[in-house]
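Single-structure report; data block below.
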Amino acid sequence: MIIETKKVVKSFIDENFKDHSIEFEVTIPEDISKGNLTCNAALILANRVKLQPHEVAEQLVKPLEKQDFINKVEVAGPGFINIFLTDDAFLNVVKEIREDITQLITQVEKPEKILIEFVSSNPTGPLHVGHGRGGVYGDTIARLLRLKGHKIHTEYYVNDAGRQMDILTASVWFRIAGIDDNEFPASGYKGTYIKNIATRWGDNNVDSSIVDEIQKLISFKDLPEDDEERIDFLIEQLKLITESSWGAVKNLALESMLDSIQDDLSSFGINFDLWFSESTLLEPSLTTKSKFQLMKDSLKEDDFEIDASGNVWFLSTNYGDDKDRVLIRDDGRPTYFGTDVAYHLDKLQRGFDTLINIWGSDHHGYIKRIAASIQSLGYDSSQFKVQLVQFANLIKDGSKIKMSTRSGNFYSLSKLIDEVGKDAARFFYLFKQADQHMDFDVDMAVSNSKENPFYYIQYGHARICSLQAKANLANTEVGSLNLEHLPNSCLSIVHELSKFPMIFDQACHKLTPHLLIFYLRDLTALFHRFYNEHNILDAPNEEKIAILQVLDAVKKTISFTFSTLGIKALESM
RNA sequence: GCGCCUGUAGCUCAGCUGGAUAGAGCAACUGCCUUCUAAGCAGUGGGUCGGGAGUUCGAAUCUUCCCAGGCGCGCCA
């Protein structure tokens with residue numbers, strides 16, 4: 001109805017106020033006395049054409065009054081146009097929700113092929129609660145955009161090629177050799193998951209001479225002082241000591257980490273279409289160069305240069321970045337940035353119209369250089385979009401929990417799922433806008449008390465299910481609703497239901513799924529209030545049927561929206 | 001120092017492409033369970049929308065300057 005109304009106003013303006021195409025809004029006012037819909041077009045247009053807003057409004061009223069879904073139109077306040085809809089318009093919403101709520105979702109005119117990349121956490125440790133937030137957000141965005149009609153592909157970029165992988169592998173070797181926490185290098189990964197990998201390796205292959213050498217290496221007194229230099233030195237030595245086993249342990253470690261990450265995500269309802277391996281970008285095939293090489297060949301020639309020591313620089317400042325960036329180190333190894341450029345080129349070459357990357361907010365400084373590289377590769381940087389997700393602080397017993405992967409001291413995602421449950425966890429992640437800092441209060445999420453908003457909506461859904469079971473009218477025919485039989489206080493529920501398409505559109509357009517949760521809470525509140533005021537099952541039969549049809553629409557709105565957010569609505573509590 | 005994000009009720013947050021009296025939940029206080037699930041409902045109190053200036057018919061929303069907090073500013077990923 002909003003969309004229809006907007007069309008009417010817009011075409012009237014196009015006809016009668018040529019050259020004044022304006023952006024205006026049709027919204028649903030808080031106060032029902034201001035109509036079911038309200039339009040601010042006259043205020044904006046009056047400014048342009050230098051007329052009184054009232055005069056303009058009076059003209060805009062005319063075409064609206066002719067619409068059969070509109071009952072009454074008023075000009076109010078400084079020049080708002082308040083629109084009152086017919087009963088049928090509302091009843092139609094209830095009917096459509098009950099038939100098939102997805103028909104209320106307006107499909108995009110031009111469906112796009114969109115690749116959404118998210119989580120992409122280094123496979124050097126288990127996922128923690130921060131990754132969970134990005135994961136749930138990305139997954140939900142994918143679901144929303146799919147429903148809008150876009151073609152969505154999801155991807156996890158696996159950083160399996162860099163120094164971090166060597167540190168991971170070295171850490172496993174230290175544990176294989178029985179190095180304990182006292183002697184363990186500060187820059188290594190200490191977590192118990194490393195011990196588990198070491199144990200898996202130890203089950204079938206233990207070479208005691210290697211173990212001896214590693215122990216000797218660790219106690220060697222002339223190791224570099226600096227933590228980072230020391231770990232790099234140790235890695236170099238370990239590669240010599242372990243020879244061919246190095247690669248095998250590395251593979252085992254990577255595989256174990258990916259298994260664990262995959263398990264955590266899938267228990268969160270998050271699955272990826274593709275796990276993209278960074279290292280494949282560096283592997284030439286028999287017939288072609290590596291994707292990395294091909295990327296370098298595709299960059300504009302003016303956009304890179306080689307310095308005296310042999311580093312290859314990408315001149316991202318040509319595109320507004322603060323600094324130029326090294327693409328290839330003097331020893332020939334690509335930087336992280338370098339392979340990432342190759343990855344993005346690969347994405348674009350696969351024919352995606354839009355790339356959406358969901359990154360932790362600490363990566364915001366990285367946006368410009370990737371956008372720059374995309375331009376240099378000859379693509380339009382507007383195809384590349386980044387949604388930043390802010391950190392999630394974990395609150396337990398009223399205080400923040402600090403997290404660090406290296407020390408092995410963190411609150412893992414799997415622990416969160418165990419304690420809070422998938423659905424409540426997803427709910428709380430989505431309860432706040434993704435690009436805002438958030439405190440995730442674990443105690444609140446698990447509490448069965450009234451302070452937990454998750455159960456508020458669930459309870460509403462369960463109550464309706466219970467009513468339906470008792471009334472035995474769950475399948476009341478669609479379309480037989482008559483507004484006369486509906487008590488006034490139930491009408492406000494119908495009004496709220498009519499907002500659904502608008503809210504859903506906003507959530508998709510702005511990539512803000514939290515709007516849907518806030519909407520459900522408002523909708524549920526109206527139901528709970530109504531439930532307390534009316535003894536539904538004792539109402540006269542016609543009234544009861546009418547009410548239950550509206551409540552069925554509420555129930556379907558909750559369960560559909562929840563399922564879109566990856567949450568299962570409870571039938572009973 | 002530069003960049004991004006944030007500052008709205010005691011707490012957690014909506015609202016931010018400017019719009020009609022600033023919202024919700026929790027907490028506090030007062031009521032409502034012999035009646036469809038009280039994980040609920042009704043009501044009361046609580047605000048210089050961090051501060052100043054500006055833009056205009058109109059600002060929590062836009063601009064600018066301050067103040068406070070988070071994050072980033074690697075040939076780490």
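This structure is a prediction, so every number in the text was calculated from the model and none was measured. Proteins come first, then strands; the chains are lettered A, B, ... in the order of their sequence lines, and each starts at number 1.
Inter-residue side-chain proximity for A/N311 and A/W313 is flagged as met; some heavy-atom pair is nearer than 4.5 Å. Side-chain contact between A/H534 and A/S489: present, with at least one pair of heavy atoms (C-beta onward) separated by less than 4.5 Å.
The aromatic rings of A/Y366 and A/F337 lie perpendicular to each other, with more than 60° between the two planes, well past the 30° mark.
When both pairing distances are held under 3.5 Å, B/C76 makes no Watson-Crick or G-U pair with any nucleotide shown. The partner of B/C62 is B/G54, by the rule that a Watson-Crick or G-U pair needs both atom distances under 3.5 Å. Nucleotide B/C71 has B/G3 as its partner under the Watson-Crick or G-U criteria, with both atom distances under 3.5 Å. Pair assignment for B/C32 gives B/G40, based on Watson-Crick or G-U wobble hydrogen-bonding distances that are each under 3.5 Å. B/G18 is unpaired under the Watson-Crick or G-U wobble criterion, no partner having all donor-acceptor distances under 3.5 Å. Base pairing annotation: B/C26 forms a Watson-Crick or G-U wobble pair with B/G10, both donor-acceptor distances under 3.5 Å.
At least one cation-pi condition fails for A/K368 and A/Y319: the charged atom is not both under 6.0 angstrom from the six-membered ring centre and inside a 45 degree cone around its axis. By the 6.0 Å and 45° rule, A/R521 does not stack over the aromatic ring of A/Y456.
Dashed line: the shortest gap from a side-chain N or O of A/K368 to OP1 or OP2 of B/C73 is not under 4.0 Å. A/R463 has a side-chain polar atom (N or O) that falls below the 4.0 Å cut-off from OP1 or OP2 of B/A38. Taking side-chain N and O atoms only, A/Q436 has a distance below 4.0 Å to OP1 or OP2 of B/U6. Checking the phosphate oxygens (OP1, OP2) of B/A42, a side-chain nitrogen or oxygen of A/R529 falls inside 4.0 Å.
Comparing B/C32 with B/U21, their C1' atoms are spaced 30 Å from each other, to the whole Å. When the P atom is compared between B/C71 and B/C26, the two are found 32 Å apart, to the nearest whole Å. Spacing of P atoms, B/G58 relative to B/G69, comes out at 35 Å, to the nearest Å. Between the C1' atoms of B/U8 and B/C13, the separation comes to 9 Å (whole Å). A distance of about 33 Å separates the C1' atoms of B/G46 and B/U56, rounded to the whole Å. Of the C1' atoms belonging to B/U64 and B/C41, the separation is 48 Å, rounded to the nearest Å. To the nearest whole angstrom, the two C1' atoms, one in B/G18 and one in B/G25, are 27 Å apart. Annotation: B/U48 and B/A22 have their C1' atoms spaced 13 Å apart (nearest Å).
Here A/D435 lies in heavy-atom contact (under 4.0 Å) with sugar-phosphate atoms only. Within 4.0 Å (heavy atoms only), A/R329 reaches at least one base atom of the nucleic acid. Within 4.0 Å (heavy atoms only), A/D439 reaches sugar-phosphate atoms of the nucleic acid but no base atom. Counting non-hydrogen atoms under 4.0 angstrom, A/N82 reaches a base of the nucleic acid. Residue A/L515 is in sugar-phosphate contact alone, with no base atom involved, counting any heavy-atom pair closer than 4.0 Å across all strands shown.
Between A/D331 atom CG and B/C75 atom C1' the separation is 9 Å, expressed in whole Å. The interatomic distance linking A/K323 (NZ) with B/G3 (P) rounds to 14 Å, in whole Å. As rounded to whole Å, 14 Å separates atom P of B/C76 from atom NE2 of A/H363. If you measure from atom CG of A/D324 to atom P of B/C73, you get 17 Å, rounded to the nearest angstrom. Computed from coordinates, the A/H128 NE2 to B/A77 P distance equals 17 Å when rounded to whole Å. Between the P atom of B/G15 and the OH atom of A/Y519 lies a distance of 17 Å, rounded to the nearest Å.
In the set B/G15, B/C71, B/A77, B/C71 carries the atom at the smallest distance from any side-chain atom of A/H364. For A/Q433, counting side-chain heavy atoms from C-beta on, the closest listed nucleotide (B/C73, B/G15, B/C75) is B/G15. Side-chain proximity of A/Y455 to the nucleotides B/C75, B/C73, B/A39 is greatest for B/A39. Closest contact between the side chain of A/L43 and the listed nucleotides B/A20, B/G40, B/G19 involves B/G19. Out of B/G19, B/A14, B/U6, the shortest distance to the side chain of A/K432 is found at B/A14. For A/H528, counting side-chain heavy atoms from C-beta on, the closest listed nucleotide (B/C75, B/C41, B/U6) is B/C41.
Taking the ring centroids of A/Y156 and A/W275, they lie under the 6.0 Å cut-off. For an aromatic pair to be called close, the ring centres must be under 6.0 Å apart, and A/F454 with A/F431 fails this.
For the ring-ring contact (aromatic ring centres under 6.0 Å, His included) with A/Y157, the qualifying choice from A/Y343, A/F272, A/F118 is A/Y343, the only one to do so.
No hydrogens or angles considered: a donor-acceptor pair under 3.5 Å links the side chains of A/N357 and A/H344.
Nearest approach of A/G460 to A/F527, heavy atoms of both residues: O-CE2, 3.5 Å.
Base orientation of B/C33: syn, the glycosidic angle falling within 90° of 0.
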TODO: Summarise how protein sits on nucleotides 21-36 of chain B as a single string, 5' to 3': B when a protein heavy atom is under 4.0 Å from the base, S for sugar-phosphate-only contact, - for no contact.
DONE: B--SSS--------BB
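Residue A/T38 places a side-chain atom within donor-acceptor reach of the base of B/A20, judged by atom type and a 3.5 Å distance cut-off alone.
Projected onto RNA chain B by closest heavy-atom contact, A/T512 and A/M573 fall at different nucleotides, the more 5' of which corresponds to A/T512. Comparing A/H514 and A/F337 along RNA chain B, the residue whose closest nucleotide (by nearest heavy atom) sits nearer the 5' end is A/H514.
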